[in-house]
Amino acid sequence: MTSQIRTAVDFYERHPISAQIILTKLEAARGTLDGLRPDELFPHDQDHYGGIVANDALAKCAHIGTSTKVVDLCAGLGGPARYLAHRYGAFVTGVELTPARVAGAAELTRRVGLNSQVQVIEGNVTALPLPDASQDAVVSQEALFHVPDLARALSEAHRVLRPGGRIAFTDWIAHEPLSAADKQLLWDGMAAATLISVDRHAELLRAAGFEIESIEDETDRWGSILVERLRMYQVLRGEAEQAGTPAGHDDFYKSYVLFVDLVRRKIMGGARFSAVKPA
């Protein structure tokens, strides 16, 4: 299937990982969905590079602990949000643009009994539906490249953080300029709106009012992770077709193959950023 990408919503409405697929796999393995525990979701609902280890790295950077109020930008199905709530005792508000992902996050969160600690709400990260200085931490994983106005999203993150609050996120990085054809395919396949360098990310953080604490290059680590994820998506596509659910669109697979190649050649990559809102 091919279709035109206009926003990240178009991409995620046809993403090969969905709440329905996750629950179908768990029911087949367990025989029932009754009594589902949060940790049983973690092998399936962590749609970012590095799984729960990456969550722990962000939690350390953002100083997340018991009762920490956290915002997860572009929260998707809420996997990291549920992990931070279950593992650290945090209270997490996910902000997600795609209605289908918001509904899926609510279903998964309800199934594992974390409604009192986790909510994923429909919203735009460039206009967060949260009060000023109301949060202790902001996190995001491999999602901000979807945002056309990253400067505005970082400014909003700064606004909702209390003085002394921290932001920690991973994002795609363009180590070298991309060709027009590669940029177009990455947009058509994965709604990649903002592909910028490490230095440009740092400039935008400082312009939003943050003081940078650390920047870690994740390109080498991502290279091996992405090869495995590509294999996973190929399997999931087949499973989705068998289940009669959306299997993604053709340009996604073409663009993912391209992305994996660009990362392995270090033309693209990833980085983890940690910064603080001055007290």
Side-chain angles (χ1 to χ4, degrees), residues 1 3-26 33 36 38 41-49 51-52 54-55 58 70-86 92-112 114-115 117-130 138-148 150 153 156-157 169-172 187 189-194 229 232-233 236-237 239-240 243-249 251-252 255-256:
M1 180 178 70
S3 56
Q4 183 180 9
I5 291 289
R6 295 163 298 177
T7 70
V9 173
D10 297 321
F11 169 58
Y12 280 106
E13 282 182 339
R14 295 181 293 275
H15 195 276
I17 297 176
S18 69
Q20 181 180 351
I21 288 173
I22 290 170
L23 291 173
T24 297
K25 293 182 74 170
L26 283 168
L33 293 175
L36 194 63
L41 284 180
F42 298 154
H44 307 281
D45 69 349
Q46 303 297 311
D47 184 25
H48 56 270
Y49 313 149
I52 61 175
N55 293 341
L58 285 189
V70 183
V71 181
D72 185 0
L73 304 183
C74 308
L77 292 172
R82 285 185 293 274
Y83 180 82
L84 294 174
H86 178 69
V92 189
T93 300
V95 180
E96 169 58 42
L97 192 62
T98 308
R101 307 303 264 184
V102 174
E107 173 69 4
L108 293 173
T109 300
R110 181 187 66 79
R111 289 277 187 181
V112 297
L114 286 174
N115 298 69
Q117 286 178 258
V118 177
Q119 60 170 340
V120 175
I121 59 177
E122 187 175 340
N124 192 318
V125 298
T126 63
L128 292 173
L130 298 167
V138 173
V139 298
S140 185
Q141 297 189 82
E142 293 94 70
L144 293 177
F145 71 92
H146 291 306
V147 181
L150 180 54
E156 279 290 277
F169 66 92
T170 50
D171 202 15
W172 286 17
W187 169 259
M190 292 188 283
T194 302
R229 283 178 67 88
M232 175 191 71
Y233 283 135
L236 288 172
R237 190 180 199 192
E239 291 176 348
T245 58
H249 54 292
D251 283 340
F252 169 77
S255 66
Y256 214 95

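In what follows, residues are counted from 1 in the order of the sequence shown. Basis for what follows: all heavy atoms, side chains included, without hydrogens, waters or symmetry-related copies. Just so it is clear, the model here is predicted, and its values are computed rather than measured.
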## Note on the structure
Which of N124, V125, T126 passes side chain to side chain contact (heavy atoms under 4.5 Å, CB included) with L97? Answer is N124
### Message
Would L41 and L26 count as a side chain to side chain contact (heavy atoms under 4.5 Å, CB included) here? Give the steps.
### Response
CA-CA 8 Å; L41 284 180; L26 283 168; 3.5 Å; yes
### Min side-chain heavy-atom separation L73-V147 under 4.5 Å
no
### Query
What do the steps show when you test Q141 against T170 for side chain to side chain donor-acceptor pair (under 3.5 Å), and what is the final call?
CA-CA 5 Å; Q141 297 189 82; T170 50; 4.6 Å; no
### Message
Under the criterion side chain to side chain contact (heavy atoms under 4.5 Å, CB included), I'd like the reasoning laid out for H48 against N55: C-alpha separation, chi angles, the key distance, then a yes or no.
### Response
CA-CA 9 Å; H48 56 270; N55 293 341; 3.1 Å; yes
### Query
To the nearest 0.5 Å, how far apart are CG in L84 and NE2 in H86?
11.5 Å
### Query
Can you name the closest pair of heavy atoms from G78 and A105 and give their distance?
N-CB, 4.1 Å
### Query
Any side-chain heavy-atom pair from P129 and I121 closer than 4.5 angstrom?
yes
### Summary
Minimal heavy-atom distance between C74 and L144, with the atoms involved, is SG-CD2, 4.4 Å
### Query
Is D171 reaching over with its side chain to a backbone N or O of F145, donor-acceptor style, under 3.5 angstrom?
yes
### Query
Quick one: does E156's side chain have a donor or acceptor within less than 3.5 Å of a partner on L128's backbone?
yes
#### Entry: Within-4.5 Å side-chain heavy-atom neighbours: L108 and L23
yes
### Task
Ignoring hydrogens and angles, tell me if any N or O in the side chain of E96 forms a donor-acceptor pair with the backbone of V102 under 3.5 Å.
no
### Query
For the residue pair F42 and Y83, does the interplanar ring angle fall in the parallel (under 30°), tilted (30 to 60°) or perpendicular (over 60°) class?
perpendicular
### Query
Does R82 pair with D72 as a salt bridge, N-O distance under 4.0 Å?
no
### Message
If we ignore hydrogens and angles and just use 3.5 Å, is the side chain of H146 paired with the main-chain N or O of M190 as donor and acceptor?
### Response
yes
### Query
Considering residues at least two apart in sequence or located in another chain, which fulfil the side-chain hydrogen bond (donor to acceptor under 3.5 Å, both in side chains) criterion with E107?
R110, R111
### Task
For residues G104 and A19, report the shortest heavy-atom separation together with the two atoms involved.
CA-CB, 3.6 Å
### Query
How many angstroms lie between NE2 in H44 and CD in Q46, if you round to the nearest 0.5 Å?
11.0 Å
#### Entry: Any V92 side-chain heavy atom under 4.5 Å of V139 side chain
no
### Task
Could you tell me which non-hydrogen atom of P99 sits nearest to which non-hydrogen atom of E122, and how far apart they are?
CG-OE2, 3.7 Å
### Closest non-hydrogen atom pair, W172 against A192
CZ3-CB, 4.0 Å
